[in-house]
Enquirer: 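Okay, handing you the structure first.
Sequence positions, counted from 1, serve as the residue numbers for this chain.
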Amino acid sequence: MSITHKTGDARAGSDGPPEEGQQAQDVRGAQRDQNSPEPGEDGPDGLGAAGAQLSTAPVESLSAMPALGVLGWLRWMWRQLTSMRIALILLFLLSLAAIPGSLIPQHSDQLKVDTFKKAHPTISPLYERLGMFHVYSSPWFSAIYILLFVSLAGCIVPRTWQFVGQLRSRPPAAPRNLTRLPAYTTWRTEATPEEVTRAAERVLKGRRFRISTGGGTGGTGGTAVAAEKGYLREAGNLLFHVALFGLLIAFAVTSLNNAQGGKLIVQGSDFVNNLTEYDDFTSSTLYNGDDLKPFGFHLDNFEARYATSGPEKGTALKFQADIHYWNGPDGKQVKGAISENHPLSIGGEKVYLISHGYAPQVTVKDGQGNVAYQGPVPFLPQDTNITSTGVVKVPDALGKDGKPDQLGFSGIFTPTGDPSRGPISVFPQDLQPLLFLTAYHGDLGLDSGIAQNVYQLDTQHMKQFQFNTKTGVKGVVLRPGEKMTLPDGAGSLTFNGVTPWASFTVSHQSGDATALVSGALAILGLALSLFVQRRRIWVRALPADGGGTLVEMGGLGRSESARIADELGDVAVQILPDAPVRPDDPDVPEAVPEDVPEAVSEDVPEPEEPPLSDDAPHDEGARA
């Protein structure tokens, strides 16, 4: 007995016990021209219902023209929208549409948008009309997103209904000619057809096949068992599509119900989660400043450690912010820590550590000797060694004559600097802090009503102090504890020391859990659709001429694979103890030599495998 397969030959008795292999005789599997169907069998493969698609993929083609009339055109357009080709095009367009959102500043960071517009005054008006500064809420991006959403929905609903129908239906009856199947074997036995059928039912049920038992072919009195397995493949396919649908919903919910705010906090300061505390805040359609949760925290300490030697010198080893936080107006303070890639959840919101730097502590006195400003001034890092720039604005200063004379200081801070090398830091830790300052007096422009960047100094209506006109030096370099005295008794600035600061982002994301679950389900569904094979097996037992029973077995898989032949062989081996091969049957042909597999097809043409896979020509519009 041998298993005939289009792509190879798998011996049914090769894995069985020795006594079973001695009983079985190798016989040739009869083969006929696959393109000549028997009477009553439809299709070029002659398999009828047995050769129907083993998936729920819709049979569509872009080349199929619609019928005349509005309804026909609408039906045709709907089928194209729910086809795989259009879905892939929409996915590709969505990927392209997201590129500008990554390259061009978005309105979520208005400061960067304004800077971009100033740097590119020619192209910015065009970008504004095209919605490039708010890509993800633009009409054209929303149109692609909605079309993809509808395409997935239009695919999932009918395929799910069809799959439920397949689960409720019985496996299709065996085709008239099992020899047309990709895997086939036959033998004669002394067991009755009923005994063969019972053995086949027991074996196939033990291998978790869904089975259906019916009569033989042509009223011969025989019986046939139809079995089907691998429904998890289509279930995985549908699960993958549903998970993609869930991802789209999660992204939509996140876009409509999210908010994000940033805050720079100097060590020793507090933060309370309300709109006035944020340096910048971006809301959404369903979440704004009125929905902020009542919580806050105190930055106790910020710790930064760096490699001090070797090729990795200056590389960050640890960033951690130690805090005490409270949830609710009367909430108890709880100790916590926030580090890179380890945010802290407070009141359902995520608090992320974004960056850090240094805030020089300064004391400014005006021309009257009054303390006009005292405290830390955050400077913003410009390189990996935290060479930082910043300004000190003193709007309440008075001149020597008692009249208002606002002061402004623009400077560069180096945590580890060397005056001989200029305002450049050589290491990111504050080992030798230096403050390079230039001073101005006049009008800061704060009373004009126009918003200003707190980290930039508008010197349009100010005059710079000259500290050393002989050498041309217009500024000074200060170490902690040193003081800069302004000319003509205009005041002074003392550099008292350095305090670290940390920048945090408070984020509200309502669709994260849905996106995570959908992503996991998509991976699971994809694995099932790739590794589970849908297949069918038929076992037919007919009374044979001259006595005994003729047993025929055929197998059909969803795609070309030798596994269907292997599985058919395993089933045959398990049936053999209940239906052993007749050793003295004169009609049994000579066994096929294992070393001459071509002997099977010397005189009989090789049949073509029926187009049952998803990539067959008739399934061009199906979803993968």
Enquirer: Are any side-chain N or O atoms of Thr414 and backbone N or O atoms of Thr416, one a donor and one an acceptor, separated by less than 3.5 Å?
Expert: no
Enquirer: Hey, can you tell me if Phe504 and Phe297 have their rings parallel, tilted or perpendicular (30° and 60° cut-offs)?
Expert: perpendicular
Enquirer: Parallel, tilted or perpendicular: which one describes the rings of Tyr231 and Phe163, with boundaries at 30° and 60°?
Expert: tilted
Enquirer: How long is the straight-line distance from CZ of Phe240 back to CG of Leu521, given to the nearest 0.5 Å?
Expert: 11.5 Å
Enquirer: Hey, could you give me the OH/CG distance between Tyr325 and Leu299, rounded to the nearest 0.5 Å?
Expert: 15.0 Å
Enquirer: How many angstroms lie between CD1 in Ile424 and CG in Asp383, if you round to the nearest 0.5 Å?
Expert: 6.5 Å
Enquirer: Examine the side chains of Asn496 and Thr363 and answer whether a donor and an acceptor come within less than 3.5 Å of each other.
Expert: yes
Enquirer: Suppose the criterion is ring-ring contact (aromatic ring centres under 6.0 Å, His included): which pairs have a residue in residues 85-106, not counting sequence neighbours?
Expert: none
Enquirer: Aromatic rings Tyr287 and His508: how do their planes relate, parallel, tilted or perpendicular, breaks at 30° and 60°?
Expert: parallel
Enquirer: Does a side chain donor of either Gln320 or Asp322 reach within less than 3.5 Å of an acceptor in the other side chain?
Expert: yes
Enquirer: Filter on ring-ring contact (aromatic ring centres under 6.0 Å, His included), then keep only pairs touching residues 336-357, sequence neighbours left out; what's left?
Expert: Phe302-His356, Phe319-His356
Enquirer: Please tell me if the side chains of Pro428 and Asn385 come closer than 4.5 Å, counting only heavy atoms from C-beta onward.
Expert: yes
Enquirer: Applying salt bridge (charged side-chain N to carboxylate O under 4.0 Å, His left out), can you list everything that pairs with Lys293, at least two apart in sequence or on another chain?
Expert: Glu349
Enquirer: Does a side-chain heavy-atom distance below 4.5 Å link Val506 with Lys263?
Expert: no
Enquirer: When rounded to the nearest 0.5 angstrom, what distance separates CD1 in Ile156 from CG in Leu239?
Expert: 10.0 Å
Enquirer: Just wondering, do Asn237 and His241 contact through their side chains at under 4.5 Å, heavy atoms?
Expert: yes
Enquirer: Taking atom CG of Leu248 and atom CD1 of Ile146, what is their separation to the nearest 0.5 Å?
Expert: 11.0 Å
Enquirer: Heavy atoms, side chains only, cut-off 4.5 Å: are Asp418 and Val426 in contact?
Expert: no
Enquirer: Check whether any side-chain N or O of Ser138 sits under 3.5 Å from a backbone N or O of Val135 as a donor-acceptor pair, and report yes or no.
Expert: yes
Enquirer: Can you check whether Leu247 reaches Ser518 side chain to side chain, under 4.5 Å on heavy atoms?
Expert: yes
Enquirer: Quick one: do Phe379 and Leu435 satisfy side chain to side chain contact (heavy atoms under 4.5 Å, CB included)? Show the steps, please.
Expert: CA-CA 11 Å; Phe379 277 45; Leu435 184 59; 3.9 Å; yes
Enquirer: On the 0 to 90° scale, with breaks at 30° and 60°, tag the Phe281-Tyr278 ring pair as parallel, tilted or perpendicular.
Expert: tilted
Enquirer: Report the C-alpha distance between Lys393 and Tyr373 in whole Å, list the side-chain angles of each, state the deciding distance to 0.1 Å, and finish with yes or no for side chain to side chain contact (heavy atoms under 4.5 Å, CB included).
Expert: CA-CA 9 Å; Lys393 299 180 182 180; Tyr373 179 85; over 6 Å; no
Enquirer: Which heavy atom of Pro419 sits nearest a heavy atom of Gln432, and at what distance?
Expert: CD-NE2, 4.5 Å
Enquirer: Atom CD of Gln162 and atom CG of Leu238: how far apart are they, to the nearest 0.5 Å?
Expert: 9.5 Å
Enquirer: Going through the checks in order, is the side chain to side chain contact (heavy atoms under 4.5 Å, CB included) test met by Val476 and Phe495?
Expert: CA-CA 12 Å; Val476 297; Phe495 180 24; over 6 Å; no
Enquirer: Begin with the C-alpha distance, continue with both residues' side-chain angles, and end with the deciding distance and a verdict on side chain to side chain contact (heavy atoms under 4.5 Å, CB included) for Gln374 and Val362.
Expert: CA-CA 6 Å; Gln374 186 175 31; Val362 299; over 6 Å; no
Enquirer: Using the benzene-type ring in the case of Trp, are the ring centres of Phe245 and Phe149 under 6.0 Å apart?
Expert: yes
Enquirer: Donor-acceptor pairs under 3.5 Å, side chain of residues 249-258 to any protein atom, not counting sequence neighbours: which ones?
Expert:
{"residue": "Thr254", "atom": "OG1", "partner": "Ala250", "partner atom": "O", "Å": "2.8"}
{"residue": "Asn257", "atom": "ND2", "partner": "Ser510", "partner atom": "OG", "Å": "3.3"}
{"residue": "Asn258", "atom": "ND2", "partner": "Thr254", "partner atom": "O", "Å": "2.5"}
{"residue": "Asn258", "atom": "ND2", "partner": "Ser255", "partner atom": "O", "Å": "3.0"}

Enquirer: Would you confirm whether Gln106, through its side chain, and Ile104, through its main-chain N or O, come within 3.5 Å as a donor-acceptor pair?
Expert: yes
Enquirer: Name all residues meeting the salt bridge (charged side-chain N to carboxylate O under 4.0 Å, His left out) criterion together with Asp270; count only those two or more places apart in sequence or in a different chain, and write none if there are none.
Expert: none
Enquirer: Apply side chain to side chain donor-acceptor pair (under 3.5 Å) to Gln464 and list each qualifying residue two or more places apart in sequence or on a separate chain.
Expert: none
Enquirer: Would you check if Val113 and Lys117 make a side-chain contact, meaning some heavy-atom pair closer than 4.5 Å?
Expert: yes
Enquirer: For the residue pair Val150 and Trp78, establish whether any side-chain heavy-atom pair is separated by less than 4.5 Å.
Expert: yes
Enquirer: Any non-hydrogen side-chain atom of Gln456 less than 4.5 Å from a side-chain atom of Val391?
Expert: no
Enquirer: Show, in sequence, the C-alpha distance, side-chain angles and deciding distance for Glu303 and Lys318, and conclude whether the salt bridge (Lys or Arg N to Asp or Glu O under 4.0 Å) test is met.
Expert: CA-CA 7 Å; Glu303 180 182 1; Lys318 181 181 180 181; 3.4 Å; yes
Enquirer: In terms of ring plane angle, is the pair Phe133 and Tyr127 parallel, tilted or perpendicular, where the classes change at 30° and 60°?
Expert: perpendicular
